[in-house]
Amino acid sequence: MTAHQKSLKLWYWEGKLAAVIFALGLLAWPFLCFGAIFVFDSPIRSRVDELQRYAFLYLTLAYPVLYAFGWFIYRHLRKKGFDRQISMTAWLFPSVLPAYYLYFLV
């Protein structure tokens with residue numbers, strides 16, 4: 001291990017904060033999965049409505065995978081020595097689901 005790798009700090013405060021915030025979503029994930037079943041109860045009005053419902057369901061089911069992928073990419077970028085701002089973009093993967101929830105509610 002080189003001196004540069006020893007001095008490289010993998011987890012800055014913003015990375016830890018993002019990991020904790022999105023981990024809170026993992027606690028709510030089982031309840032959201034159960035609730036996502038009921039999206040299909042009301043009648044489907046159009047093909048776009050049906051596609052939106054399936055996107056909602058699949059994004060909900062994929063949240064743990066998106067979280068793990070964001071965590072892995074963040075850690076990988078930090079190990080490779082990328083800047084903190086660039087490595088924080090890895091947390092955009094798990095933020096897809098809350099953004100889609102906001103879009104779906106509006």
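Just so we're clear, the structure is a prediction, and the values are computed from it rather than from any experiment.
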Practice task
Let me see the working for V96 and L59 under side-chain contact (heavy atoms from CB on, under 4.5 Å), right down to the final yes or no.
Solution key: CA-CA 8 Å; V96 169; L59 281 175; 3.9 Å; yes
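The CG atom of L97 lies 7.5 Å from the CZ atom of F56; values are rounded to the nearest 0.5 Å. Taken from OG1 in T60 to CD1 in I37, the straight-line distance is 10.5 Å, to the nearest 0.5 Å. Considering CD1 of I73 and CG of L77, their distance stands at 6.0 Å, rounded to 0.5 Å. If you take CG on L61 and CG on L32, they are separated by 10.5 Å, rounding to the nearest 0.5 Å. A distance of 7.5 Å separates OH of Y74 from CZ of R84, quoted to the nearest 0.5 Å. In this structure, W29 CH2 and Y63 OH are separated by 11.5 Å, a value rounded to the nearest 0.5 Å.
L57 and Y100 fall into different hydrophobic clusters, defined by Ile, Leu, Val, Met, Phe, Trp and Tyr side-chain heavy atoms under 4.5 Å apart, directly or through other members. Under the 4.5 Å side-chain heavy-atom criterion for grouping Ile, Leu, Val, Met, Phe, Trp and Tyr, F34 is not connected to F40 through any hydrophobic cluster. Both Y67 and F69 sit in one connected hydrophobic cluster of ILVMFWY residues. Membership requires side-chain heavy atoms under 4.5 Å apart, directly or through other members. Cluster membership check: V48 does not share its hydrophobic cluster with Y58, using side-chain heavy-atom separations under 4.5 Å among Ile, Leu, Val, Met, Phe, Trp and Tyr.
Residues R78 and S87 come closest through the heavy atom pair CD-OG, 3.1 Å. The heavy-atom pair separating G70 from P94 by the smallest distance is CA-CD, 4.2 Å.
Within 6.0 Å of OH on Y54 lie no more than 12 heavy atoms contributed by other residues, nucleotides or ligands.
The pair E50-R53 fails the salt-bridge criterion, with no side-chain N (NZ, NE, NH1 or NH2) lying under 4.0 Å from an Asp/Glu carboxylate O.
Note: F72 and H76 have parallel aromatic rings, judged against thresholds of 30 and 60 degrees for the angle between ring planes. By the 30° and 60° cut-offs, the orientation of the rings of W91 relative to F22 is parallel.
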